[in-house]
Amino acid sequence: MKKFSIVFLILSLILFTAIVKNSTKRVDDAIFVLEENIRGLKKDFENVKLEHDYLSSTEKLLEFQNLYFDDELVKKEIEEIKIIIKKSGKLQIQQLKFINEK
Amino acid sequence: MKSKDLRIILDNQQNDFLYKKNKSKLNITFNRISFIFFVFFIIFLIYTIHLIHLGSRKAKIELNNDIKISQNKLYRADIVDRNKKYLVKTIDSIDIGISPSKIIDEKKLLLNLKYIFPYKDYLEVKKRIKKGKFFYFEKKISEENYEKLMKLGDKSIEPRDNLIRIYPQKNLFSHIIGQIDSDNNGISGLEKSLDDDLKKRQEPVILTVDKDIQFLIRDELIKYNKIFDTIGSAAILMNVNNGEIISLVSLPDFDPNTRQKISDLNFINRATKGIYEFGSVFKTFTLAAAFDEKIIEPETEFNNLPKSLTCAGFPIREYDNKIPSNLTAEQILIRSGNIGSVRIGQKLGEDKFKKFLTNLGILEKTNFDIEEVGVPIKFNWGKCPLATASFGHGITTTLLQLAKAYSIIVNGGYYIKPRLIHKNQNVKKEKILDEKVSEKILPILRKIVTMKEGTASLANVAGYEIGGKTGTAQKSIAGNYSKKKINTFVSVFPTSRPKFVLAIMLDEPKTNEDYIYHYRDGSNIKYKGTPFNTAGWTTVEVTGQIVEKIGPILATKYSEVN
């Protein structure tokens, strides 16, 4: 009985190793495919980001502003900039304090 | 018979004994199996340890994936600004070459190529095929054309990998980023200084600059270069507390996408490489050094100051003859008095002033993230040189070092190193000046902008508490002073809690009869024409216009809200 159980243990270990190895290989393959897909998507993302960075550059935005908005989009003076703070569910508007001078 | 039977029984007894021996044999077999099991177990253990080791090693690589040696020789990391916007992007491309020795049917090949690239000069291609040497047929081809070419299955068509370095901001960062050559080697700017790192890095290099602020500053500089007809200009916007450079502009600049070979000296990086005498901006150092040594206080009086002095046969005069003869130390800086600054310098002495300037890093070449850094001309100290250096005459440095020195003076006396590359860790601050120096100098710099007697009232933009010092210096050409000028204004804001230093320099500005100035003293007065080509009428005006544009962004994006 002991002999049988030892042989069975060894065989089951070998089988277990084979199964683990096999499933690891499958996981590896899946990881590889995913990585390749991610690489492709990453490349697409980088290209789209490059395009976005170019189209949203200050130069382009000012160009678009002159073309489509005339005087609608104007620079804000620092005194006009306010800070909205949410305190215990309520919104509070505060003055931006960049300087201490009065 | 009985005895025989007995023998048999004995035999059987012997057999019984033998049976016991067999039992021991079973024991031997069991040990062998145990041994095999043990061997298997050891192998299993070794593999398990090996697997764990491999697993942990991978995790380590993932942790340190910031720097990873790329197998691809043509790899070059991207460069982004502080908001992760692309400043440089590498795009893989393919060049198509033709190997004439591998051509089987020339006619068929040319016909196929003509179908894909109809506008090519095929007489030239034929000539090159005849020469029999490999040549590039088309560079940087599209993926679509690459697929078409590969479908031809012609062995003579050889694709070669290449990379395209794209600079989407065009001229905007040309002096910072620099260029690469056709072999993927950096030849100037960060492309040169970070060459090895860019070839190894997996992640993009993050800079401290902001492309929007850089654009706004450059735009204003270009505008005022035309108004004041300068030959060039430069600007540096620096965080006084950590030395991070938010913007660094030098004009004229160039488009790195065109890959021009620039030999014109006018394209020098005026912000870091150009060495200039900046004039009166040095008076702040004289006063700050005296405060640091506790020799004088802002209220210390200097009486009976003459209108001119003679040193080694050369006269030292006041720029403004209306300047009073009795002035306090504070008034000397506000009114930019030459003679008063000489007196402070003399009181301070050569050694202390030299030590102060050395501590600020004015006199020596500074270490910076790009290699295009100027070396200040060696200053020969003596009685007269001390007098001239006190008001910024005869002593040279770069705009970068000037901005750095002002940052140290106003940030409480902490040493900072200007940097273009973003670092996450906080740099340990080393105090090199008495903190009282900042407390004493900042109100004076503010008064230069707010007071009528000051030289920089055109920069008094409401809401930013700008302080600063102007400097108008004659340009030295071939060892002699010319009538051409270098106008500088180093501003600090907000003076109650300094965050930024903006140093602007105009190279050879001229007066403009048509330019209209809007006074910022609340009088609403407009003034037509530039009366003098001095810093107060040129660089200060540019600074005011720039702060108006970038101020709201700086106030909201780069300062903690309280």
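Below, read A as the first sequence line, B as the second, and so on, with proteins coming before strands; counting in each chain starts at 1. It should be emphasised that the depicted structure is a prediction, and the values quoted were computed from it without experimental measurement.
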[X] versus [Y]: any side-chain heavy-atom pair under 4.5 Å?
{"X": "A:Leu13", "Y": "B:Phe40", "result": "no"}
{"X": "A:His52", "Y": "B:Tyr86", "result": "no"}
{"X": "A:Thr17", "Y": "B:Tyr47", "result": "no"}

Reported [atom1]-to-[atom2] distance for the pair [X] and [Y], which is rounded to 0.5 angstrom:
{"X": "A:Thr58", "Y": "B:Asp219", "atom1": "OG1", "atom2": "CG", "result": "9.5 Å"}
{"X": "A:Ile6", "Y": "B:Ile36", "atom1": "CD1", "atom2": "CD1", "result": "10.5 Å"}
{"X": "A:Lys82", "Y": "B:Thr556", "atom1": "NZ", "atom2": "OG1", "result": "13.5 Å"}
{"X": "B:Lys85", "Y": "A:Ser56", "atom1": "NZ", "atom2": "OG", "result": "4.5 Å"}

[X] atom [atom1]: more than 12 heavy-atom contacts under 6.0 Å:
{"X": "B:Asn524", "atom1": "CG", "answer": "no"}
{"X": "A:Leu67", "atom1": "CG", "answer": "yes"}
{"X": "A:Glu79", "atom1": "CD", "answer": "yes"}
{"X": "A:Glu36", "atom1": "CD", "answer": "yes"}
{"X": "A:Phe16", "atom1": "CZ", "answer": "no"}

Structural part of [X] lying under 4.5 Å from a heavy atom of chain A:
{"X": "B:Leu172", "value": "neither"}
{"X": "B:Phe44", "value": "side chain"}
{"X": "B:Phe215", "value": "side chain"}
{"X": "B:Lys89", "value": "side chain"}

Part of [X] within contact of chain B (heavy atom distance under 4.5 Å):
{"X": "A:Leu61", "value": "neither"}
{"X": "A:Lys49", "value": "both"}
{"X": "A:Glu80", "value": "neither"}
{"X": "A:Glu59", "value": "both"}
{"X": "A:Ile10", "value": "side chain"}
{"X": "A:Ile78", "value": "both"}

TODO: Could you tell me whether B:Lys211 and A:Asp53 have a side-chain N and a carboxylate O separated by less than 4.0 Å?
DONE: no
- [ ] Please report the shortest heavy-atom distance between A:Ser57 and B:Gln169, naming the atom on each side.
- [x] CB-OE1, 4.2 Å
